[in-house]
2 protein chains.
Amino acid sequence: MNSPDMGPRNRLLAALSPRDLRRLSSSLEPTSLEARQVLDGPHDSIKHAYFVESGLISVVGTAEPDHRIEVGMVGREGMTGLGIVLGDDRSANATIVQSAGTALRISSAALREAMKVHPAFAAILLRYVNVFIAQASQTALANGRGRLDERLARWLLMWHDRLGDADLIITHEFLALLLGVRRPGVTVALHDLEGRGLIRANRSLVRIIDRDGLQLAANGFYGIPEAEYDRSIGLN
Amino acid sequence: MNSPDMGPRNRLLAALSPRDLRRLSSSLEPTSLEARQVLDGPHDSIKHAYFVESGLISVVGTAEPDHRIEVGMVGREGMTGLGIVLGDDRSANATIVQSAGTALRISSAALREAMKVHPAFAAILLRYVNVFIAQASQTALANGRGRLDERLARWLLMWHDRLGDADLIITHEFLALLLGVRRPGVTVALHDLEGRGLIRANRSLVRIIDRDGLQLAANGFYGIPEAEYDRSIGLN
DNA sequence: GTCGGTCGGTACGAAAGGGTCCGGACGCGC
DNA sequence: GCGCGTCCGGACCCTTTCGTACCGACCGAC
């Protein structure tokens with residue numbers, strides 16, 4: 001996985017004891033994540049859980065084919081495959097790679113087994129599930145109550161957190177899909193944020209200029225799941 | 001709890017083996033749920049989990065004081081206190097009684113202990129968490145993509161499922177709060193549904209007339225978490 | 001029966017956002 | 001350096017929803 005002198009880049013795995021981690025590592029298979037790759041469709045049987053090391057994965061809620069929206073985001077602080085953690089092998093949501101990167105993946109069976117053998121590991125994953133619920137809840141809140149520019153600010157901050165890069169490679173089109181709005185609406189909202197000096201936008205690129213300003217622009221819709229994560233799983 | 005010849009009315013408890021249930025029953029304390037009672041505020045330490053027997057509880061996502069919206073609903077098919085199930089003692093969401101009823105409650109410590117001693121019990125609760133994630137995800141989807149009348153239809157159906165009564169006692173004001181919209185908007189949307197012959201509305205009362213029609217009106221935003229529940233936890 | 005509070009119906013202008021189209025700009029491949 | 005596909009900017013008009021306000025209807029208390 002990583003060079004032996006550094007811990008794993010995934011923050012859930014990093015929270016494990018070195019001993020548990022060593023025993024687990026044989027089940028963890030390094031994988032590359034390609035942009036737009038679909039890890040699990042809705043209602044698919046989940047074959048692997050992914051511990052993200054770099055890049056970013058979207059959890060997308062789906063009903064009818066054209067009713068889709070992002071409900072959560074997973075970077076190196078998290079994992080996919082919560083259904084497995086919860087003893088089921090499927091979920092109503094899809095998981096789709098949004099920004100290419102790498103992950104350590106583990107088969108469903110091995111994950112179940114590992115949770116049985118390492119209760120501390122299971123405990124960490126369950127606490128992450130709780131944080132994920134907070135994330136989905138806040139998304140529901142933002143979707144219901146927030147204006148487009150506020151939701152956009154929230155989204156940019158969350159992306160920034162998880163990728164740790166001020167330059168986000170994304171098209172307006174894709175952003176519109178994730179936010180569940182019209183594409184030109186995203187263009188206008190980005191201009192608005194740009195006019196306020198919070199970002200710079202260019203073809204397929206958004207650069208974060210003023211993170212604190214973006215937090216203000218998000219008008220309270222950003223931050224709660226992130227604080228929950230730090231409280232519950234820790235800053236490591 | 002209930003007379004010995006019938007199982008518990010809560011469907012999660014009903015899924016337990018009679019033996020596990022008997023051993024658990026001493027920890028379960030019958031409680032009445034009063035309308036508008038706040039079981040847990042956001043970020044409170046959760047003292048008890050509630051297995052609902054009748055009535056209905058809302059899970060409300062909160063950020064700023066005036067940023068609130070319902071993200072999930074719990075009736076006798078479910079429970080509150082998912083944070084405890086997940087090994088944490090708090091959640092970013094509030095739980096509020098929406099329709100009076102009764103519940104069996106269990107202290108956090110006893111619930112943790114029971115999950116340790118009865119793995120089958122723990123497994124059921126974790127599968128319920130997975131269903132709840134589906135519910136919150138679909139709420140995020142409906143809030144982002146659905147029109148007011150579609151969301152209203154979804155909401156009425158979910159309420160109807162969980163209470164099993166065609167007459168719903170609720171004011172437009174309160175509905176507006178839960179849906180995160182303006183009160184007169186609810187009035188108009190209810191008239192619309194009424195004009196289509198799907199409901200009858202009166203002061204503080206909504207009667208479901210045509211459930212199938214409401215499902216059509218919900219335009220695909222209703223049903224996924226309910227199907228997940230039946231698949232994962234079973235029809236009992 | 002009257003009073004006061006809650007609840008519902010309605011109406012207005014204003015804002016946000018959707019649907020659609022078009023044209024220009026950029027950038028990669030050849 | 002040409003061409004084509006992708007991406008962005010802007011425009012049009014329309015629907016949905018908001019904000020606010022006002023008033024009438026209902027209901028329980030006295």
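Order of the sequence lines fixes the chain letters, A, B, ..., with proteins taken first and strands second; residue numbering starts at 1 for each chain.
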Open item on the list: Please report the distance, rounded to the nearest Å, between CG in Leu148(B) and P in dA16(C).
Closed with: 19 Å
Open item on the list: With a 3.5 Å cut-off and heavy atoms only, can you find an N or O donor on one side and an acceptor on the other between the side chain of Arg183(A) and the base of dG18(C)?
Closed with: no
Open item on the list: Judged by each residue's nearest nucleotide on DNA chain C, which is more toward the 5′ side, Gly146(A) or Glu173(B)?
Closed with: Glu173(B)
Task: Charged tip of Arg11(B) within 45° of Tyr128(B) ring normal and under 6.0 Å - done: no
Task: Pairwise salt bridge (Lys or Arg N to Asp or Glu O under 4.0 Å) hits with a residue in residues 37-51 of chain B, at least two apart - done: none
TODO: Take the protein atom CD1 of Ile169(A) and the nucleotide atom P of dC26(C), then report the distance between them rounded to whole Å.
DONE: 17 Å
Task: Distance in angstrom units between Leu205(A) CG and dG27(C) P, rounded - done: 11 Å
Open item on the list: Using the rule given for salt bridge (Lys or Arg N to Asp or Glu O under 4.0 Å), can you reason through Glu228(B) versus Arg127(B), listing the C-alpha separation, both sets of side-chain angles and the distance that settles it, and then say yes or no?
Closed with: CA-CA 10 Å; Glu228(B) 284 287 289; Arg127(B) 288 210 299 280; over 6 Å; no
Open item on the list: In whole Å, I'd like the distance from the CZ atom of Arg182(B) to the P atom of dA14(C).
Closed with: 15 Å
Task: Distance, rounded to the nearest Å, where Leu175(B) contributes CG and dT6(C) contributes P - done: 19 Å
Open item on the list: For Glu194(A) and Gly144(A), find the nucleotide of DNA chain D closest to each by heavy atoms; which residue's nucleotide sits nearer the 5' end?
Closed with: Glu194(A)
TODO: Could you state the atom-to-atom distance from NE2 of His172(B) to C1' of dG9(C) in whole Å?
DONE: 9 Å
TODO: Tell me, with the steps shown, if Asp149(B) and Arg196(B) meet salt bridge (Lys or Arg N to Asp or Glu O under 4.0 Å).
DONE: CA-CA 12 Å; Asp149(B) 58 335; Arg196(B) 293 194 251 162; 3.3 Å; yes
TODO: State, without any angle test, whether Gln98(B) and Trp159(B) hold a side-chain donor-acceptor pair at a distance under 3.5 Å.
DONE: no
Open item on the list: Please classify the nucleic acid contact of Arg147(B) as base, sugar-phosphate, or nothing, using heavy-atom distances under 4.0 Å.
Closed with: sugar-phosphate
Open item on the list: I need the minimum non-hydrogen distance between Leu168(A) and Asp165(A), along with the two atoms involved.
Closed with: CD2-O, 3.4 Å
- [ ] Take Ile209(B) and Leu198(B), measure what side-chain contact (heavy atoms from CB on, under 4.5 Å) needs, and give me the verdict at the end.
- [x] CA-CA 5 Å; Ile209(B) 302 291; Leu198(B) 309 179; 5.9 Å; no
TODO: Walking along DNA chain D from 5' to 3', note the first and the last nucleotide with an atom under 4.0 Å from a heavy atom of chain B, and give both.
DONE: dT16(D) to dC27(D)
Task: Nearest listed nucleotide, side chain of Arg203(B), among dG17(C), dT10(C), dG5(C) - done: dG5(C)
TODO: Grab the NE2-P distance between His191(B) and dG8(C) for me, whole Å please.
DONE: 9 Å
Task: Rounded distance (Å) that lies between atom P of dA16(C) and atom CG of Leu152(A) - done: 15 Å
TODO: With heavy atoms under 4.0 Å as the rule, sort Val188(A) into base, sugar-phosphate or nothing.
DONE: nothing
